[in-house]
2 protein chains.
Amino acid sequence: MLRRTRQREAVLSALLQSGRSLTPVEICELAQGDVPRLNLSTVYRQIKLLLEGDEVLRVDLPGQATRYEAAVCDADVGDGTHHHHHFHCEACDRVFPIHACPGAMDRLAPPGFRVAGHELTLHGQCADCVGAKNG
Amino acid sequence: MLRRTRQREAVLSALLQSGRSLTPVEICELAQGDVPRLNLSTVYRQIKLLLEGDEVLRVDLPGQATRYEAAVCDADVGDGTHHHHHFHCEACDRVFPIHACPGAMDRLAPPGFRVAGHELTLHGQCADCVGAKNG
DNA sequence: ATACTTGCAAAACATTTGCAGTGAG
DNA sequence: CTCACTGCAAATGTTTTGCAAGTAT
């Protein structure tokens, strides 16, 4: 059975409040705002529990450290689709959710292939980093 | 410039002969059949070079160690664009190149974001596996 | 001969685990 | 009171790097 602990709340809260995907280290640093002595091990243990409970999603971008995000992101569309994509900022290395989708990808696959789903990752610079560079 | 070395051959050869995705450790063990003193560091260095030359594909399955496979793209288009995407077959676990691209992704990013590029991964079942299942 | 490559060891980074102490139920 | 959870340190696993020696061109 699962206990309700401050650490658990802090981890989930960090994920929810950030509104984006976080690495375990980022989660730990954020959550330490609530629980200063929070340990990375505990973050990993909570992530594992939260994954099993489908409260967080694993975000695995090729070549990047594994990140996690709250399963119930902002305003959840009621249409049943959690579908979204990611933007990876090459400057600050943060990952943002993108609630848009070009759709109709199925045509791209070779004939005979059955497309079950897709992942799209944009990369470049986020608004913050574009701003920092130009101004 | 790139030199043609026994280690480079051995790494590529291991990938080609196995016919599947391998972890760096697996590659190293296999390639040591050709070059006994082959080192893991060298495998990683060769992988990096081979990735840049599009001779090898990275296969990143969530929760598993990163694997690599030979990018034996038959008929390679000579139109100057190396841009392509990937299809991951959930049945046979192979990765295929897709020489098509929906394009115009830049609109999907939030305002202020600068999009430098994108990666698209389709997943489902390849023609072989669809055929094997139905017939 | 030149300088890209290699092998080895050690560093850097990511994730897990043992264990004694803490705290939720 | 119990037992799951926590913090810390140390183990494990993955990938990168410094450097002297090796080798393709």
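The chains referred to below are lettered A, B, ... by the order of the sequence lines, with proteins before strands, and numbering in each begins at 1.
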Worked check of side chain to side chain contact (heavy atoms under 4.5 Å, CB included) between A/Arg20 and A/Glu26: CA-CA 11 Å; A/Arg20 58 187 187 84; A/Glu26 287 175 319; 3.8 Å; yes
So, is [X] near the phosphate of [N], with a side-chain N or O under 4.0 Å from OP1 or OP2?
X: A/Asn39; N: D/dC8; result: yes
X: B/Thr5; N: C/dT5; result: no
X: B/Gln46; N: C/dT6; result: yes

Donor-acceptor pair present, A/Arg3 side chain and D/dC5 base, under 3.5 Å: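 No pair found.
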N/O donor-acceptor pair, side chain B/Arg45 with base C/dG7, under 3.5 angstrom: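 Between C/dG7 and B/Arg45, which were checked side chain against base, a qualifying N/O pair under 3.5 Å is present.
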Result of checking A/Asp34, A/Leu40, A/Thr42 against A/Leu38 for side chain to side chain contact (heavy atoms under 4.5 Å, CB included):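 The single option meeting the side chain to side chain contact (heavy atoms under 4.5 Å, CB included) with A/Leu38 is A/Thr42.
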Sugar-phosphate, base or nothing in reach of A/Ser41, heavy atoms under 4.0 Å: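 The residue A/Ser41 makes base contact.
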Sugar-phosphate, base or nothing in reach of B/Thr23, heavy atoms under 4.0 Å: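 B/Thr23: no heavy atom of the nucleic acid under 4.0 Å.
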Shortest non-hydrogen contact between A/Ala31 and A/Ala10, atoms and distance: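 Nearest heavy atoms, A/Ala31 then A/Ala10: CB-O, 3.7 Å.
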Residue pair A/His85 / A/Ala100: nearest heavy atoms and the distance that separates them: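 Reported closest heavy-atom pair: CD2-O, 3.3 Å.
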A/Glu69 side chain to A/His84 side chain, donor-acceptor N/O pair below 3.5 angstrom: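 Side chains of A/Glu69 and A/His84: pair found under 3.5 Å.
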Measure the distance from [atom1] on [X] to [atom2] on [N] and round it to the nearest whole Å.
X: A/Arg8; N: C/dT22; atom1: CZ; atom2: C1'; value: 18 Å
X: B/Leu40; N: D/dG13; atom1: CG; atom2: P; value: 13 Å
X: B/Ile27; N: D/dT15; atom1: CD1; atom2: P; value: 10 Å
X: A/Tyr44; N: D/dC5; atom1: OH; atom2: C1'; value: 19 Å
X: B/Asp60; N: C/dA14; atom1: CG; atom2: P; value: 14 Å
X: A/Arg58; N: C/dA14; atom1: CZ; atom2: P; value: 15 Å
X: B/Arg6; N: D/dT23; atom1: CZ; atom2: P; value: 7 Å
X: B/Ile47; N: C/dT5; atom1: CD1; atom2: C1'; value: 16 Å

Candidates C/dT16, C/dT5, D/dC8 - which lies nearest the side chain of A/Arg37: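 Between C/dT16, C/dT5, D/dC8, the one nearest the side chain of A/Arg37 would be D/dC8.
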First encountered from the 5' end of DNA chain D, between B/Lys48 and A/Gln7: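 Taking each residue's closest nucleotide, the earlier one in sequence belongs to A/Gln7.
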Of B/Leu2 and B/Tyr68, the one whose closest DNA chain D nucleotide lies more 5':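 The answer here is B/Tyr68.
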